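First comes the structure, then the notes that go with it.
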Number of protein chains: 2
Amino acid sequence: MSLKDFLAFDSLLSDRTRLAIMATLTSSEEPIDFNTLLEQLDLTKGNLSSHMRKLEDAKLIKVSKRFIDRKPKTTYVASTRGSLELKNYLTQIQNVIEKVDE
Amino acid sequence: MSLKDFLAFDSLLSDRTRLAIMATLTSSEEPIDFNTLLEQLDLTKGNLSSHMRKLEDAKLIKVSKRFIDRKPKTTYVASTRGSLELKNYLTQIQNVIEKVDE
DNA sequence: AAAACTAGTTTGTATTACAAACCATTATAT
DNA sequence: ATATAATGGTTTGTAATACAAACTAGTTTT
């Protein structure tokens, strides 16, 4: 795969924040909630919220909203598609790394 | 290094196009000229021009402008700092990849 | 019953990438 | 000789994007 192909393949994951979010989700066995992501990645709420919305719209994650102890609790998991796209993206980056190392 | 640190370290190279440009430059022994980059990465001239300007302002590349056969010819090489920053950035991505693979 | 906290969302703004139009010069065609 | 097109870029306008401040809806505390 050439660098040209790397550029041609556009993905939501080319944003670093979303890459980190997806890395967090796929690395976890359990669903992760909004506030945990907020802490772990040190984002603002608005920023996180809009990234999660984009990932949801692209069906890269699955969102569950329910009330726990009368309080809203939103949790996220990576979808199958999301995990695949992350793997795919990281493979491409890996190729770039190897190209540079040669 | 945590994902938080990964996000905190902001770099011009977090743009994919610039990452590809720097990968191209560091992989080459010789300087690379404007039109070669244009072809190899399939960009528009304006887009390439502005990326190169940013890389130059950040001192990640060195630019040489001269006339060859009466025509202007701009060539680029990665600066020491640029090569370092690329390596640095790729190392960070590598860490993310390993985190996901675990 | 007011104030403060929790858990997010909406909306406005500032950056950023990008491409169309432009510029200066050189080569080609009429 | 003089338009016309090609070369090698740069400037500038626009569209997309990330981001954070302000807001919403409900809950707990005082």
Side-chain angles (χ1 to χ4, degrees), chain A residues 3-4 6-25 31-58 60-77 85 89, chain B residues 3-4 6-25 31-58 60-77 85 89:
Chain A
L3 287 171
K4 192 186 292 199
F6 171 61
L7 291 185
F9 176 78
D10 203 2
S11 163
L12 276 185
L13 301 187
S14 53
D15 176 76
R16 280 151 30 98
T17 303
R18 282 190 297 263
L19 182 64
I21 290 168
M22 289 303 295
T24 304
L25 293 185
I32 299 192
D33 63 53
F34 189 87
N35 285 294
T36 301
L37 281 175
L38 213 55
E39 276 180 32
Q40 284 195 9
L41 302 179
D42 201 25
L43 304 169
T44 60
K45 294 188 288 176
N47 189 9
L48 178 57
S49 180
S50 55
H51 282 307
M52 298 320 276
R53 176 67 72 89
K54 283 193 183 174
L55 291 172
E56 182 183 8
D57 289 349
L60 301 184
I61 61 172
K62 290 191 172 163
V63 182
S64 138
K65 285 178 185 295
R66 51 182 85 180
F67 280 82
I68 306 286
D69 294 335
R70 275 181 236 90
K71 284 180 273 176
K73 179 135 183 165
T74 305
T75 62
Y76 308 95
V77 292
E85 182 148 341
Y89 185 74
Chain B
L3 288 171
K4 193 186 292 200
F6 171 61
L7 292 185
F9 176 77
D10 203 2
S11 163
L12 277 185
L13 302 187
S14 53
D15 176 76
R16 280 149 33 98
T17 303
R18 282 190 297 264
L19 182 65
I21 289 168
M22 289 304 295
T24 304
L25 293 185
I32 300 193
D33 63 52
F34 188 89
N35 284 294
T36 302
L37 280 175
L38 213 54
E39 278 179 31
Q40 285 194 10
L41 302 180
D42 200 26
L43 304 168
T44 60
K45 294 190 288 177
N47 189 10
L48 179 57
S49 180
S50 55
H51 282 307
M52 298 320 276
R53 175 68 72 88
K54 284 193 183 174
L55 291 172
E56 183 184 8
D57 289 349
L60 301 184
I61 61 173
K62 290 191 172 164
V63 182
S64 140
K65 287 178 183 296
R66 49 183 85 180
F67 280 83
I68 306 286
D69 294 336
R70 277 180 235 91
K71 284 178 275 179
K73 178 137 183 164
T74 305
T75 61
Y76 308 96
V77 293
E85 182 147 342
Y89 185 75

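Remember, it's a predicted structure, so these values are computed and weren't measured experimentally. We name chains A, B, ... by the order of the sequence lines, and we start the count at 1 in each one.
A heavy atom lying under 4.0 Å from DNA chain D marks the following residues of residues 7-23 of chain A, by number: A:D15, A:T17, A:R18. Within residues 42-58 of chain B, the residues that place at least one heavy atom under 4.0 Å from DNA chain C are, in residue-number order, B:T44, B:G46, B:N47, B:S50, B:H51, B:K54.
Here the CG atom belonging to B:L3 is positioned 12.0 Å from the CG atom belonging to A:D42, to the nearest 0.5 angstrom.
B:A8 is linked by a side chain to side chain contact (heavy atoms under 4.5 Å, CB included) to nothing, counting only residues two or more places apart in sequence or in another chain. The side chain to side chain donor-acceptor pair (under 3.5 Å) test applied to A:N47 returns A:H51, not counting sequence neighbours. Under the side chain to side chain donor-acceptor pair (under 3.5 Å) criterion, A:T74 pairs with A:K65, not counting sequence neighbours. In this structure, the side chain to side chain contact (heavy atoms under 4.5 Å, CB included) partners of A:T75, at least two apart in sequence or on a different chain, are A:P31, A:D33, A:S64, A:K73. Applying the side chain to side chain donor-acceptor pair (under 3.5 Å) test to B:S11 and every residue at least two apart in sequence or in another chain returns B:E85. Looking at residues two or more places apart in sequence or on another chain, you find a side chain to side chain contact (heavy atoms under 4.5 Å, CB included) between A:D10 and A:S14, B:R16. Listed by chain and number, the residues in a side chain to side chain contact (heavy atoms under 4.5 Å, CB included) with B:K71 amount to none (sequence neighbours excluded).
Base-pairing analysis of DNA chain C finds the following stems of at least three consecutive Watson-Crick or G-U pairs, with both pairing distances under 3.5 Å: C:1-30 with D:1-30.
Of all nucleotides in DNA chain C having an atom under 4.0 Å from a heavy atom of chain B, the first and last in 5' to 3' order are C:dT16 to C:dA27.
For D:dT7, the OP1/OP2 oxygens have no side-chain nitrogen or oxygen of B:N35 closer than 4.0 Å.
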Go through the steps to decide whether A:F6 and B:L19 satisfy the test side-chain contact (heavy atoms from CB on, under 4.5 Å), and finish with yes or no. CA-CA 10 Å; A:F6 171 61; B:L19 182 65; 4.2 Å; yes
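Applying the salt bridge (charged side-chain N to carboxylate O under 4.0 Å, His left out) test to every pair with at least one member in residues 44-58 of chain A, sequence neighbours left out, gives no pairs at all.
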